[in-house]
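Right, one structure below, let's go through it.
Counting begins at 1 with the first residue of the sequence. Just so you know, these numbers use all the heavy atoms, side chains as well, and skip hydrogens, waters and symmetry mates. Since the model is a prediction, treat every value here as computed from it, not as a measurement.
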Amino acid sequence: MASSSSSPSLIVVTGFGPFGSYFVNSSWEAVKELAKLGLGDDVQLKILELPVKYSEVEKKMKWIWTELQPQLSVHVGMMSSSKAIALEQCGRNKGYMEKDLSGAHPQGGCCLLEGPERIESAVNMKSVCKNISWPGVHVIHSRDAGRYLCEYAYYMSLYYGSGKAVFIHVPALGRIITAGLLGQSLQIIIQEVLRQLNQLCA
């Protein structure tokens with residue numbers, strides 16, 4: 001689990017690499033745009049690209065929380081069927097039967113065989129959704145992150161990070177939904193998440 005000596009200024013943000021017919025994953029493009037914008041002078045931002053492979057994602061989540069020990073880990077994934085940004089509240093342990101790019105899925109379809117059924121984020125994502133105002137794209141609250149690599153990463157990060165993680169689903173890129181627009185949206189959302197976290201710690 002995360003150490004109490006975590007640096008208060010380090011925020012890790014991840015996006016996913018290519019998969020299927022999507023040679024450009026909007027999540028990683030959005031994260032790269034966020035890195036250009038930053039999160040403020042008092043925040044150290046580190047970004048990481050995750051491969052669409054369960055085993056590699058598990059290793060990355062462990063590494064983030066045991067080695068980097070951030071204040072918060074933000075995971076961004078693409079939901080190609082949606083035109084909205086979805087703020088995910090929780091990660092579920094079971095039902096991961098869809099295979100990754102290497103043709104594998106977790107043993108028993110579970111993130112952790114002895115893990116809790118569901119882990120909630122320490123951040124109230126419904127409150128975040130209500131508090132932000134961004135005209136560029138619709139933002140919704142969700143409790144179903146899809147039971148694939150996105151939700152797998154979220155569950156594992158919530159587990160190793162003791163709830164100090166959030167997951168943000170973004171739409172695929174298009175004429176209106178650009179990487180720049182998504183990067184600005186991530187900045188606004190994450191700054192509100194940090195505001196809430198700071199209130200919890202006050």
Side-chain angles (χ1 to χ4, degrees), residues 7 9-20 22-54 56-65 67-80 82-88 91 100-101 121 123 125 128-129 132 134 136-140 142 145-146 148-158 160-161 164-174 176-195 197:
S7 167
S9 61
L10 177 61
I11 307 299
V12 174
V13 182
T14 71
F16 281 95
F19 74 101
Y22 293 94
F23 300 109
V24 175
N25 192 314
S26 62
S27 66
W28 181 237
E29 297 305 307
V31 170
K32 288 189 292 184
E33 290 296 320
L34 170 68
K36 296 176 187 177
L37 299 170
L39 291 169
D41 294 337
D42 56 343
V43 175
Q44 179 188 352
L45 174 61
K46 181 174 181 62
I47 66 171
L48 296 168
E49 183 179 11
L50 301 177
V52 184
K53 296 181 180 179
Y54 289 108
E56 293 300 317
V57 166
E58 180 186 9
K59 291 175 187 175
K60 288 288 188 184
M61 295 306 110
K62 282 184 180 179
W63 179 77
I64 286 169
W65 288 107
E67 298 298 324
L68 299 181
Q69 299 181 5
Q71 180 192 7
L72 174 74
S73 192
V74 179
H75 308 290
V76 185
M78 181 176 74
M79 184 180 290
S80 59
S82 175
K83 296 299 182 186
I85 290 175
L87 309 185
E88 305 290 351
D100 64 15
L101 291 184
S121 174
V123 179
M125 298 300 277
V128 172
C129 193
I132 59 172
W134 177 235
V137 62
H138 189 44
V139 181
I140 61 173
S142 169
Y148 189 44
L149 266 296
C150 289
E151 189 163 1
Y152 180 83
Y154 194 19
Y155 182 94
M156 298 302 280
S157 189
L158 288 168
Y160 289 116
K164 293 180 181 177
V166 299
F167 196 98
I168 302 169
H169 261 127
V170 297
L173 298 178
I176 297 173
I177 304 295
T178 64
L181 176 65
L182 292 179
Q184 289 177 297
S185 302
L186 289 181
Q187 183 190 49
I188 291 168
I189 293 165
I190 296 170
Q191 285 174 337
E192 174 60 23
V193 168
L194 291 175
R195 190 187 70 80
L197 266 185

Can you check whether [X] reaches [Y] side chain to side chain, under 4.5 Å on heavy atoms?
X: Glu49; Y: Pro18; answer: yes
X: Val123; Y: Leu87; answer: no
X: Val137; Y: Ile176; answer: no
X: Met78; Y: Phe19; answer: yes

Study note, to complete from the structure: Hits for ring-ring contact (aromatic ring centres under 6.0 Å, His included) against Phe167, two or more places apart or cross-chain, chain-then-number order -> Tyr154, His169
If I take atom [atom1] from residue [X] and atom [atom2] from residue [Y], how far apart are they, to the nearest 0.5 angstrom?
X: Ser27; Y: Leu182; atom1: OG; atom2: CG; value: 9.5 Å
X: Lys60; Y: Leu50; atom1: NZ; atom2: CG; value: 7.5 Å
X: Leu101; Y: Leu149; atom1: CG; atom2: CG; value: 7.5 Å
X: Leu10; Y: Gln69; atom1: CG; atom2: CD; value: 9.5 Å
X: Ile140; Y: Ile85; atom1: CD1; atom2: CD1; value: 10.0 Å
X: Leu45; Y: Lys36; atom1: CG; atom2: NZ; value: 13.5 Å

Just jot down the side chain to side chain donor-acceptor pair (under 3.5 Å) partners of [X], sequence neighbours excluded, or say none.
X: Ser73; answer: His75
X: Ser142; answer: Glu88
X: Glu151; answer: Arg92
X: Ser26; answer: none

Point to revise | Results of salt bridge (Lys or Arg N to Asp or Glu O under 4.0 Å) for Glu56 - residues two or more places apart only | key: Lys59
Of all heavy-atom pairs between [X] and [Y], which one has the smallest distance, and what is that distance?
X: Asp42; Y: Ser9; answer: O-CB, 3.4 Å
X: Ile11; Y: Val43; answer: CG1-CG1, 3.4 Å
X: Tyr160; Y: Lys62; answer: OH-CE, 2.8 Å
X: Leu186; Y: Val31; answer: CD1-N, 4.0 Å
X: Leu197; Y: Gln71; answer: CD1-O, 4.3 Å
X: Val76; Y: Phe16; answer: O-CD1, 3.5 Å

[X]: side-chain contact (heavy atoms from CB on, under 4.5 Å) partners, not counting sequence neighbours:
X: Lys32; answer: Trp28, Glu29, Ile47
X: Ile132; answer: Val128, Val139, Ile188, Ile189, Glu192
X: Lys83; answer: none
X: Leu48; answer: Val12, Thr14, Lys46, Trp63, Ile64

